[in-house]
2 protein chains.
Amino acid sequence: MRGEQKRRLLMAAAARVLHEQGVERTTIADIAEAAGVPTGNVYYYFKTKDDLVRAALGEHAAHLAALTAELDALPDPRERLKALVASWVGQREVAARYGCPTGTLAVELDKRDDGLDAEAGRVVRLLLDWAAAQFRALGLPDPDGLAITLVGAYQGMSLLANALRDPSVVDREGDRLHRWLDDL
Amino acid sequence: MRGEQKRRLLMAAAARVLHEQGVERTTIADIAEAAGVPTGNVYYYFKTKDDLVRAALGEHAAHLAALTAELDALPDPRERLKALVASWVGQREVAARYGCPTGTLAVELDKRDDGLDAEAGRVVRLLLDWAAAQFRALGLPDPDGLAITLVGAYQGMSLLANALRDPSVVDREGDRLHRWLDDL
DNA sequence: GTCTATAGCCTGATAGAC
DNA sequence: GTCTATCAGGCTATAGAC
């Protein structure tokens, strides 16, 4: 299955390059080059550029699912949430340079009125739902609202770290979120 | 001064259209049409598309300066900050449809390595500096950190409201920020 | 199945008429 | 100063050779 391998290579390259350069500034040739595949050949695996963007969104969703599955191994929901915050802090350099992969993609795709804008929102919702489940397990009131506060803080600190090119924003806000989770 | 008038018309149109459609998906023709100016004529007023983007950033900065100047008329710094939050809530429909003008522009421009990425950060910093000044006037410790928390919450709730197409996110987080400011 | 060459379109920018 | 016509370049996508 050489074909399936190349397809996966292209999906991974698309996820990375689209995050770094943005959707509109990235050409098919950019993704092909990053994957080591001839430019025109990309169309054998993905009919359109939008299909590649969709595949990249799927990659990010899969990555998120893997992360939350890992966190689910922890016994205490509060510890799971704190470990999530810790993983955000661990990605501070990436956040400062390119922003949150899902968040920046959502911002860009939301400027469109084709179907892709809604799909970005679905990936964001995966994280919101998982976080809400943890707050619910802790018996806290308004778990959905708390999830929005937590994920909103993540998106906000990623955006600011990116706009200011300053990873320390993530450190500071990460500490604050840790205390916030402890005090809930 | 017919020329200066048209120039201002183009700047206002650029600020609006670039916010709604994003930088990369907006053509010179789009902005020209929104301003009621013939397409090619735009280049008489702005040498390049990047110049127009810069002008749009300037418009957003001016709008922000006007807002903070208005808030400065309030006697109490805490009331100024709460009025800022209230103005964000008042813009919830726009935030849900197009996101924060400065924030979404910063996300898109940060994907570039020319000079424009840094200029978006400068506009964000205007708001941060003003907020920090209010916290400082209240005698609170770490005013810069508090400003990042406040503006980060704004950017986060705007992004989520936009990605989920749900203005109620802004209402909920606005209420929370109001309580947070009261309890500081 | 894999890749190349190229068509066709759109965009930013310009030259020059008025 | 204002506007039109048009060019050059780069992009997505396809047709068809291997």
Side-chain angles (χ1 to χ4, degrees), chain A residues 1-58 105 108-109 111-117 119, chain B residues 1-59 105 108-109 111-117 119-120:
Chain A
M1 285 297 130
R2 193 66 177 283
E4 197 53 33
Q5 206 171 25
K6 250 185 199 174
R7 201 187 146 82
R8 269 184 226 149
L9 218 61
L10 277 167
M11 284 170 62
R16 189 176 69 250
V17 178
L18 289 175
H19 176 212
E20 292 176 1
Q21 304 190 352
V23 176
E24 307 293 341
R25 289 182 76 85
T26 299
T27 67
I28 298 281
D30 290 336
I31 296 173
E33 190 186 351
V37 166
T39 306
N41 193 17
V42 171
Y43 287 93
Y44 176 71
Y45 300 96
F46 299 92
K47 287 197 220 316
T48 65
K49 183 180 176 181
D50 282 3
D51 277 351
L52 254 178
V53 176
R54 245 180 292 269
L57 275 173
L105 220 45
E108 212 175 346
L109 294 178
K111 302 292 184 190
R112 310 168 60 142
D113 46 7
D114 48 19
L116 273 178
D117 49 347
E119 295 198 39
Chain B
M1 289 291 132
R2 192 66 177 282
E4 198 52 32
Q5 206 170 26
K6 248 185 202 178
R7 202 187 144 82
R8 269 184 226 149
L9 218 60
L10 277 166
M11 286 170 60
R16 187 176 70 250
V17 178
L18 289 175
H19 175 213
E20 292 176 1
Q21 304 191 351
V23 175
E24 306 294 341
R25 289 183 74 86
T26 298
T27 66
I28 298 281
D30 289 337
I31 297 172
E33 189 187 350
V37 167
T39 305
N41 192 19
V42 171
Y43 287 93
Y44 176 72
Y45 300 97
F46 299 92
K47 287 196 219 318
T48 65
K49 184 181 176 180
D50 282 4
D51 277 350
L52 254 177
V53 176
R54 247 180 290 270
L57 275 173
E59 286 283 294
L105 220 46
E108 211 175 348
L109 295 178
K111 301 294 184 188
R112 311 168 61 143
D113 46 7
D114 50 19
L116 273 178
D117 49 347
E119 296 198 40

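In what follows, every chain begins at residue 1, and chains take the letters A, B, ... in the order their sequences are listed.
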*How does protein reach along nucleotides 11-18 of chain D, written 5' to 3' as B (base within reach of a heavy atom under 4.0 Å), S (only sugar-phosphate), or - (no contact)?*
SSBB----
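Arg25(A) places its CZ atom 16 Å from the P atom of dT11(C), with the value rounded to the nearest Å. Rounding to whole angstrom units, CG of residue Leu9(A) and P of dT2(C) are separated by 13 Å. Atom CD of Gln5(A) is separated from atom P of dG1(C) by 14 Å (rounded to the nearest Å). As rounded to whole Å, 18 Å separates atom P of dA13(C) from atom OH of Tyr45(B). As rounded to whole Å, 20 Å separates atom C1' of dA5(D) from atom OH of Tyr44(B).
Residues passing the side-chain contact (heavy atoms from CB on, under 4.5 Å) test with Tyr43(B) are Ile28(B), sequence neighbours excluded. Scanning for side-chain contact (heavy atoms from CB on, under 4.5 Å) contacts around Asp117(B) gives Arg165(A), Asp110(B), with sequence neighbours left out. For Glu119(B), the side-chain contact (heavy atoms from CB on, under 4.5 Å) partners two or more places apart in sequence, or in a different chain, are Arg54(B), Leu57(B), Leu116(B), Arg122(B). Among residues two or more places apart in sequence or in another chain, the side-chain contact (heavy atoms from CB on, under 4.5 Å) test is passed with Glu24(B) by Glu24(A), Arg25(A), Glu108(B), Arg112(B). Shown here are the side chain to side chain donor-acceptor pair (under 3.5 Å) partners of Glu20(A), two or more places apart in sequence or in another chain: there are none.
Judged by the 6.0 Å and 45° rule, Arg7(A) forms a cation-pi pair with Phe46(A).
Counting only residues at least two apart or in different chains, ring-ring contact (aromatic ring centres under 6.0 Å, His included) contacts with residues 10-36 of chain B comprise His19(B)-Tyr98(B).
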Validation: residues 31-41 of chain A side-chain donor-acceptor distances under 3.5 Å, sequence neighbours left out:
none

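The stretch residues 13-20 of chain A has no heavy atom under 4.0 angstrom from DNA chain D at all.
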